[in-house]
Number of protein chains: 2
Amino acid sequence: MKKTDRRVIKSQQAIKKAILELMTEKNFDDITIMDISERANVNRGTIYLHYMDKYDLLDKLIEEHINELRELCQSAAEMTFKEGNYVWFEYFEKNHMFFSIMLTTKSAAHFRSRFLDLVVEEYKVELDSSEGTNKGLNDDIVLQFLGAAIIGSVEWWFKNGMPYPPRVMAEQTGAILDRNF
Amino acid sequence: MKKTDRRVIKSQQAIKKAILELMTEKNFDDITIMDISERANVNRGTIYLHYMDKYDLLDKLIEEHINELRELCQSAAEMTFKEGNYVWFEYFEKNHMFFSIMLTTKSAAHFRSRFLDLVVEEYKVELDSSEGTNKGLNDDIVLQFLGAAIIGSVEWWFKNGMPYPPRVMAEQTGAILDRNF
DNA sequence: AATGGTTTGTTTGATAATCCACAGATCACG
DNA sequence: CGTGATCTGTGGATTATCAAACAAACCATT
């Protein structure tokens, strides 16, 4: 797997940055390909070289971050909830542009469910309802409950301008998760 | 004169930004072409596509700003000293990265003299030693005196973190110039 | 329903930038 | 000194991006 040409990386970065900026300024439906190409300082045709249309662009952007989060889980498999959450929250902070838009704008409601699916999927392996706290409880319900909780917390964090550092968010939410698994 | 390809503009911008950043971090002599290409996220060969070497790059960068300042003078020909200075100080602020480096680092002493030459050249047309304040004084001496004064002021402004807004700097220095022409 | 102004995809040929490899220069330092 | 390591210029082959143009789709307004 040879590494990709420097030019495509730069173009795609510029395009992704542009659409995120524009989404903070106007409704997704009102954003045109021309807007994006102008903001990204990239030829309009270049966008079509990489993406079908703006929906495809948004999809790919979402998919990328979902995958990145999944990989972070992989490398955090041995960690506690607090440590693992810290890795996530650092990633959230580093990409706050993306996440705050995705969690606050309604044109990207699609992202929420992808995000939730990922969280549930990752929590599932941690869950043991044969004994302990969750003995006798329904797996799906527990997972949906806790998944919604963590996503809600992240959303709240962004809506309020990230009032606490990632470290604190990770420890607090990690502590609550600890007593629920 | 068709407008230049978007790609060359982006490459050159990245390269110029990179060398300025590096000059704040280390001595000019210690900066390599590789450093610049890495920082600019541009292939090393691309730099040679536009510049002979790092000295040529610095020269072109300086020449560009000198020319820009000269053009600003052109369009400010009808203005008072205060108004004209305002245009300049706004340009200084917009490009504070460049000017503060050029006026504080010794590897760019060359810039000072280019800058001074420009100021003297522009002030010359304003000077009338046949009568008024400067009657009987030597033109060259007056020009060098005032030129050094304005450049020194700009240097002080940058060295002290631009403590006053461009507006104030322009009005104050403009007032002093008024009574010297 | 006709109109004129945008936006969209797609194509064209031209060209800037890429990667990689090279040989020579320069540097660091034992 | 000498010797490995890094940096420099340069070349060739390849690719991504470019500007410009086009017809079709999509609008808003009349």
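In what follows, every chain begins at residue 1, and chains take the letters A, B, ... in the order their sequences are listed.
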* Are any side-chain N or O atoms of Lys10(A) and backbone N or O atoms of Asp5(A), one a donor and one an acceptor, separated by less than 3.5 Å? -> no
* To do: Determine yes or no for a side-chain-to-main-chain donor-acceptor pair under 3.5 angstrom, with Thr105(B) supplying the side chain and Ile101(B) the backbone.
  => no
* Among dT8(C), dA16(D), dT8(D), the one nearest Ile33(A) by side-chain distance -> dT8(C)
* Structure fact -> Looking only at dA16(C), dC19(C), dT7(C), the nucleotide nearest the Thr32(A) side chain is dT7(C)
Which atoms of nucleotides 23-29 of chain C (N or O only) lie under 3.5 Å from a protein N or O atom, and what are those distances?
none

Please give, in whole Å, the distance from [N] [atom2] to [X] [atom1]?
X        : N       : atom1 : atom2 : answer
Arg44(A) : dC22(D) : CZ    : C1'   : 11 Å
Asp30(B) : dT6(D)  : CG    : C1'   : 14 Å
Asp35(B) : dC7(D)  : CG    : P     : 7 Å
Ile36(B) : dG9(D)  : CD1   : P     : 11 Å
Asn41(A) : dA19(D) : CG    : C1'   : 14 Å
Lys3(A)  : dT15(D) : NZ    : P     : 17 Å
Asn43(A) : dT7(C)  : CG    : P     : 16 Å
Arg6(B)  : dA20(D) : CZ    : P     : 10 Å

* Asked: Looking at CG of Leu22(A) and NZ of Lys17(A), how far apart are the two atoms once the value is rounded to the nearest 0.5 Å?
  -> 10.5 Å
* Find the distance between CD1 (Ile150(B)) and CD (Glu122(B)) and round it off to the nearest 0.5 Å. => 13.0 Å
* side chain to side chain donor-acceptor pair (under 3.5 Å): pairs with one or both residues in residues 56-69 of chain B, sequence neighbours excluded -> Lys16(B)-Glu64(B), Asp56(B)-Lys60(B), Glu63(B)-Arg114(B), His65(B)-Tyr91(B), Asn67(B)-Arg70(B)
* Select from Val42(B) and Ile31(A) the residue whose nearest nucleotide in DNA chain C is closer to the 5' end of that strand. => Ile31(A)
* Asked: If you look at every strand shown and take non-hydrogen atoms under 4.0 Å, does Asp5(A) touch a base, only sugar-phosphate, or nothing?
  -> sugar-phosphate
* **Donor-acceptor pair (no angle test) under 3.5 Å: Arg7(B) side chain, dT17(D) base** => yes
* Structure fact -> When Phe89(B), Trp88(B), Tyr164(B) are each screened for ring-ring contact (aromatic ring centres under 6.0 Å, His included) with Trp157(B), the one that passes is Phe89(B)
* To do: Take the angle between the ring planes of Phe99(B) and Phe158(B) and call it parallel below 30°, perpendicular above 60°, tilted in between.
  => parallel
* Contact under 4.0 Å: Lys10(B) side-chain N or O vs dC18(D) OP1/OP2 -> yes
* **Residue pairs passing the salt bridge (charged side-chain N to carboxylate O under 4.0 Å, His left out) test where at least one lies in residues 134-159 of chain A, sequence neighbours excluded** => Arg112(A)-Glu155(A), Glu155(A)-Lys159(A)
* Assess the side chains of Ser129(A) and Asn134(A): does a donor N or O sit below 3.5 Å from an acceptor N or O? => no
* Structure fact -> Within residues 46-54 of chain A, those residues having any heavy atom closer than 4.0 Å to DNA chain C are Tyr48(A)
* Leu143(A) and Glu121(A), any side-chain heavy atoms less than 4.5 Å apart -> no
* Is the centre of the Phe98(A) ring less than 6.0 Å from the centre of the Phe92(A) ring? -> no
* **By side-chain hydrogen bond (donor to acceptor under 3.5 Å, both in side chains) - contacts of Asp178(B) (at least two apart)** => none
* Close residues, residues 17-28 of chain B, relative to DNA chain D [heavy-atom separation under 4.0 Å] -> none
